[in-house]
Amino acid sequence: MPTSSTRSSEADRPRLGLAVQYAINVRGLPSRVQIRRWARAALERDARVTVRIVGSGEARALNRYFRGRDYPTNVLTFIMRKRPRLEGDLALCAPVIAREARAQGKSATAHYAHLVVHGLLHLQGYDHMSEREARVMERREAGVVTRLGYPDPYGSGREERGERRKEKRGARFWGIASRLTPHASVAHG
């Protein structure tokens, strides 16, 4: 039987309206239940989110249209509305995620969990354009992902990524004027 403290904590939890779309039919895709669990773990405010798992062609077309980059990427985050309730979409590219998981020596499930958390944090205003923003976001991501039972997605590579960001500081190719927060696969390696 729920206690009063359980009821109050449930009432305090942000509400999530979640739609999951499968635009590709391949083995190893996460279930709606898994995606809901990951999204809820990263949620800090009420939101309505659509997560669409796509193939390389759709990911490439979205990346080309919104970023001018002609290749598929692992995750694209679209913020549709910030107030009164957060609304947005995540597009996850199954073939890229599978390839990256193999290359990184982790399970596809762990990689999907990380990218769903990462995308949800972007929807809520987290970013990694500066060193400071990246540190804050990575700490939050790692905390959520490890609480979910997966390994820290960044492990000991934080220092190396910091150096790569210093090299790219002038490029700022993520600063597109649309409501899109794009991610190239190499940014999550």
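Just the heavy atoms: all of them, side chains too, but no hydrogens, waters or symmetry mates, feed the values below. Along the sequence shown, residues are numbered consecutively beginning with 1.
In this structure the side chain of Pro95 reaches within 4.5 angstrom of the side chain of Ile24, judged on heavy atoms. Side-chain contact between Arg139 and Tyr154: absent, with no pair of heavy atoms (C-beta onward) separated by less than 4.5 Å.
The backbone N or O of Asp46 lies less than 3.5 Å from no partner atom in the side chain of Arg85, so there is not a single donor-acceptor pair. Using a distance-only test at 3.5 Å, with no hydrogens or angles considered, a donor-acceptor pair links the side chain of Arg147 to the main chain of Gly143. Remark: side-chain polar atoms of Asp152 are not paired, donor with acceptor, to backbone N or O of Ala142 under 3.5 angstrom. Side chain of Arg135 to backbone of Ser130: no donor-acceptor contact under 3.5 angstrom is found. Side-chain atoms of Gln124 come within 3.5 Å of backbone N or O of Glu44 as a donor-acceptor pair. Judged by distance alone, the side chain of Arg37 and the main-chain N or O of Leu148 form a donor-acceptor pair under 3.5 Å.
Of all heavy-atom pairs between Pro30 and Tyr22, the closest is O-OH, 2.6 Å. Between Thr77 and Leu123, the shortest heavy-atom distance links the atoms CG2-CD2, 3.6 Å. Shown here for Pro151 and Val145, the closest heavy-atom pair between the two residues is O-CG1, 3.5 Å. Counting all heavy atoms, side chain and backbone alike, Val26 lies closest to Ala94 at CG2-CB, 4.4 Å. Among all heavy-atom pairs drawn from Tyr71 and Asn63, the shortest one is O-ND2, 2.8 Å. Of all the heavy atoms in Leu76 and Ala59, the pair that sits closest is CD1-O, 4.3 Å.
The structure places CZ of Arg15 at 10.5 Å from CZ of Arg40, a figure rounded to the nearest 0.5 Å. Here the CZ atom belonging to Arg48 is positioned 7.5 Å from the CZ atom belonging to Arg81, to the nearest 0.5 angstrom. Atoms CG and NE2, from Leu92 and His118 in turn, are 11.0 Å apart once rounded to the nearest 0.5 Å. Once rounded to the nearest 0.5 Å, the distance linking CG of Leu120 with CG of Leu18 reads 8.5 Å. We find the CD1-CD1 distance between Ile53 and Ile35 to be 4.0 Å, quoted to the nearest 0.5 Å. Separation of atoms CD (Glu138) and CG (Leu121) is listed at 11.5 Å; rounding is to 0.5 Å.
Between Phe78 and Phe66, the ring planes are perpendicular. Angles over 60° get that label, and only those under 30° would be called parallel.
Just one residue in the list Glu141, Glu133, His122 forms a side chain to side chain donor-acceptor pair (under 3.5 Å) with His128, and that residue is His122.
Atom CG of Asp70 has more than 12 neighbouring heavy atoms from other residues, nucleotides or ligands inside a 6.0 Å radius.
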Go through the steps for Trp38 and Leu115 under the test side chain to side chain contact (heavy atoms under 4.5 Å, CB included), then give the verdict. CA-CA 9 Å; Trp38 302 331; Leu115 293 174; over 6 Å; no
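In this view, Ala23 and Arg52, Val54, Glu58 satisfy the side chain to side chain contact (heavy atoms under 4.5 Å, CB included) rule, not counting sequence neighbours.
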